[in-house]
Chemist: 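The structure follows.
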Number of protein chains: 2
Amino acid sequence: MYERKIIPNLNCGLDLVGEVLYGKWKMRLLWFINEGHKRPSELQRKIPDATRRVLNIQLKELEEHELVSKIIYPVVPPKVEYSLTDFGKTLIPVISAIGNWGDEYEERLRALILKRLD
Amino acid sequence: MYERKIIPNLNCGLDLVGEVLYGKWKMRLLWFINEGHKRPSELQRKIPDATRRVLNIQLKELEEHELVSKIIYPVVPPKVEYSLTDFGKTLIPVISAIGNWGDEYEERLRALILKRLD
DNA sequence: TCATATAGGGATAAATTAATCCCCTATTGT
DNA sequence: ACAATAGGGGATTAATTTATCCCTATATGA
């Protein structure tokens with residue numbers, strides 16, 4: 001695994017949240033798990049732009065941060081299920097607020113973002 | 001300026017928010033500007049962990065995304081003031097929700113994050 | 001005359017994150 | 001025998017983001 005060379009700042013709430021929520025797909029993973037899409041293959045189908053590899057990595061980090069828990073069923077073919085921990089559930093309203101803002105200003109945001117890409 | 005090589009996904013609200021809010025210091029900049037710290041040097045003092053360079057870059061992006069506006073007073077020594085646009089103000093409750101969650105679980109988050117750094 | 005404050009930016013290096021590529025396990029169905 | 005399905009991971013490269021270093025300008029105060 002990658003080992004940090006710079007110790008992160010953990011001064012305020014925003015720093016702390018950043019540490020667990022930064023990551024291109026993390027909020028979406030939490031969101032879809034909360035919606036009941038528990039298995040890795042389901043999550044991959046919900047987020048086709050990400051590779052399985054990255055999803056695995058980000059899921060593992062979410063697990064280490066105790067936001068999700070993982071159950072591995074000892075069956076063949078393998079079966080795995082993720083679910084939110086109680087701690088992870090407390091994040092849902094926050095993610096919801098973020099997503100709602102994005103949805104509300106969707107048109108405007110899309111235009112602004114595209115404009116900046118030349 | 002850096003020119004992207006991969007077109008970002010802009011599928012859902014979360015993608016869109018990410019485009020304007022990703023950036024290590026952006027939420028803090030918006031927050032402090034909202035609190036009335038308008039001048040670059042003030043902002044730098046509020047965020048001493050960031051270099052002026054980075055703050056300038058991120059402020060510029062916030063400006064291009066119409067979240068903040070910038071006034072340059074033609075005086076010497078130079079004077080500049082940032083303020084939130086109406087659009088930018090709509091983000092404050094969202095940032096607030098994020099920061100509050102971080103503050104609420106500060107102890108736990110700090111412990112979890114530090115544990116993962118070995 | 002020299003340091004300080006104010007605001008800014010180019011060029012480059014370093015750090016971090018994400019993407020690519022390829023490989024493994026074991027069972028069921030064709 | 002072989003493909004498909006399910007879940008996973010090492011090694012490496014590419015992309016992106018931050019940090020460093022250094023330089024510009026002008027006025028004021030010591």
Side-chain angles (χ1 to χ4, degrees), chain A residues 1-9 15 18-29 33 37-65 68-82 113 116-117, chain B residues 1-9 15 18-29 33 37-65 68-82 113 116-117:
Chain A
M1 200 201 302
Y2 177 74
E3 191 161 335
R4 292 170 100 100
K5 292 178 184 163
I6 289 181
I7 1 99
N9 330 66
D15 282 327
E19 286 298 311
V20 302
L21 233 44
Y22 256 50
K24 198 165 174 180
W25 315 101
K26 284 189 180 178
M27 290 199 281
R28 266 208 255 6
L29 284 169
I33 291 172
H37 304 281
K38 300 175 170 299
R39 304 185 63 179
S41 49
E42 287 180 87
L43 292 168
Q44 160 91 84
R45 277 190 288 273
K46 298 298 284 182
I47 314 176
D49 291 319
T51 62
R52 263 302 285 285
R53 190 82 180 87
V54 194
L55 294 185
N56 285 338
I57 291 170
Q58 307 217 342
L59 282 165
K60 182 161 203 171
E61 288 176 11
L62 292 173
E63 201 191 345
E64 289 175 340
H65 288 139
V68 305
S69 57
K70 177 181 185 177
I71 301 177
I72 303 174
Y73 294 93
V75 296
V76 164
K79 175 174 176 177
V80 164
E81 280 187 351
Y82 288 97
I113 293 161
R116 233 181 68 81
L117 304 179
Chain B
M1 199 203 305
Y2 177 74
E3 192 161 336
R4 293 170 98 100
K5 290 176 184 163
I6 289 181
I7 0 100
N9 331 66
D15 282 328
E19 287 299 311
V20 301
L21 232 43
Y22 255 52
K24 197 165 174 180
W25 315 102
K26 285 189 179 176
M27 289 199 281
R28 267 208 249 10
L29 285 169
I33 292 172
H37 304 281
K38 300 175 171 300
R39 303 185 63 180
S41 49
E42 288 181 88
L43 292 168
Q44 159 90 84
R45 278 190 288 272
K46 299 297 286 181
I47 315 177
D49 291 320
T51 62
R52 264 302 285 285
R53 191 83 179 86
V54 194
L55 294 185
N56 285 338
I57 291 170
Q58 306 214 343
L59 282 165
K60 181 160 203 173
E61 288 176 11
L62 292 173
E63 200 191 347
E64 289 174 340
H65 288 140
V68 305
S69 56
K70 176 182 187 175
I71 301 177
I72 303 175
Y73 295 93
V75 294
V76 164
K79 175 173 176 179
V80 165
E81 281 186 351
Y82 289 96
I113 292 161
R116 234 181 68 81
L117 304 179

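By convention in this document, chain letters (A, B, ...) are assigned in the order of the sequence lines, proteins followed by strands, and residues within each chain are numbered from 1.
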Chemist: So which nucleotide from D:dG8, C:dG8, C:dA19 ends up closest to the side chain of B:P40?
Modeler: C:dG8
Chemist: Hey, are A:D15 and A:N9 close enough side-chain-wise for a donor-acceptor pair under 3.5 Å?
Modeler: no
Chemist: Could you please name the option among D:dG7, D:dT18, C:dG8 that lies closest to any side-chain atom of B:K24?
Modeler: D:dT18
Chemist: May I ask you to say what B:S41 touches in the nucleic acid, namely base, sugar-phosphate or nothing, with a heavy-atom cut-off under 4.0 Å?
Modeler: sugar-phosphate
Chemist: Do the side-chain N or O atoms of B:K79 get closer than 4.0 angstrom to the phosphate oxygens (OP1, OP2) of C:dT6?
Modeler: no
Chemist: By nearest atom, which of the nucleotides C:dG8, C:dT6, C:dT17 is closest to the A:R4 side chain?
Modeler: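 Selected nucleotide: C:dT17.
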Chemist: Tell me the interatomic distance from A:I72, atom CD1, to D:dG8, atom P, rounded to whole angstroms.
Modeler: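 Rounded to whole Å, this separation is 6 Å.
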Chemist: Heavy atoms only, 4.0 Å cut-off, all strands: where does B:E61 land among base, sugar-phosphate and nothing?
Modeler: nothing
Chemist: Do A:R53 and D:dG7 have a side chain to base donor-acceptor pair shorter than 3.5 Å?
Modeler: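 In this structure, the two groups form no donor-acceptor pair.
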Chemist: Identify which nucleotide among D:dA19, C:dG8, D:dA6 has an atom closest to any side-chain atom of B:V54, counting heavy atoms from C-beta outward.
Modeler: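 Of the options given, the side chain of B:V54 lies nearest D:dA19.
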Chemist: Counting heavy atoms from C-beta on, name the nucleotide in D:dT16, C:dA19, D:dT26 closest to the side chain of B:P77.
Modeler: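 For B:P77, the side-chain atoms sit closest to D:dT26.
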Chemist: Grab the CG-C1' distance between B:L29 and D:dT17 for me, whole Å please.
Modeler: 15 Å
Chemist: With the side chain of B:V76 defined as its heavy atoms from C-beta on, choose the nearest nucleotide among D:dG7, D:dT26, D:dT16.
Modeler: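 Nearest listed nucleotide: D:dT26.
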Chemist: Take the protein atom NZ of B:K5 and the nucleotide atom P of D:dT13, then report the distance between them rounded to whole Å.
Modeler: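 Nearest whole value for this atom pair: 16 Å.
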Chemist: To the nearest angstrom, how far is A:L55 atom CG from D:dG8 atom P?
Modeler: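 So the two atoms are 11 Å apart, to the nearest Å.
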Chemist: Taking the six-membered ring of B:Y82 (Phe, Tyr or Trp), confirm whether the NZ or CZ of B:K70 is under 6.0 Å from its centre and within 45° of its axis.
Modeler: no
Chemist: Between D:dT20, D:dT16, D:dT5, which nucleotide gets closest to the side-chain atoms of B:T51?
Modeler: D:dT20
Chemist: To the nearest angstrom, how far is B:Q44 atom CD from D:dA19 atom C1'?
Modeler: 13 Å
Chemist: Starting from P on C:dA5, measure out to CD on B:E42 and report it in whole angstrom.
Modeler: 15 Å
Chemist: Among D:dG7, D:dT16, C:dG8, which is the nearest nucleotide to the side chain of B:Y2?
Modeler: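 Of all the options, the side chain of B:Y2 is nearest to D:dT16.
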Chemist: Would you classify B:K70 as touching base, sugar-phosphate or nothing, given that sugar-phosphate means primed atoms plus P, OP1 and OP2, and contacts are heavy atoms under 4.0 Å?
Modeler: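 Result for B:K70 = sugar-phosphate.
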Chemist: Show the numbers, then the answer: is there a salt bridge (charged side-chain N to carboxylate O under 4.0 Å, His left out) between B:R116 and A:E64?
Modeler: CA-CA 7 Å; B:R116 234 181 68 81; A:E64 289 175 340; 2.4 Å; yes
Chemist: Between P on D:dG7 and NZ on A:K38, what's the gap in Å once rounded to a whole number?
Modeler: 14 Å
Chemist: Rounded to the nearest Å, what distance is computed from the CD1 atom of residue A:I57 to the C1' atom of nucleotide D:dG9?
Modeler: 9 Å
Chemist: C:dA18 phosphate, OP1 or OP2: any side-chain N/O from A:Q58 under 4.0 angstrom?
Modeler: yes
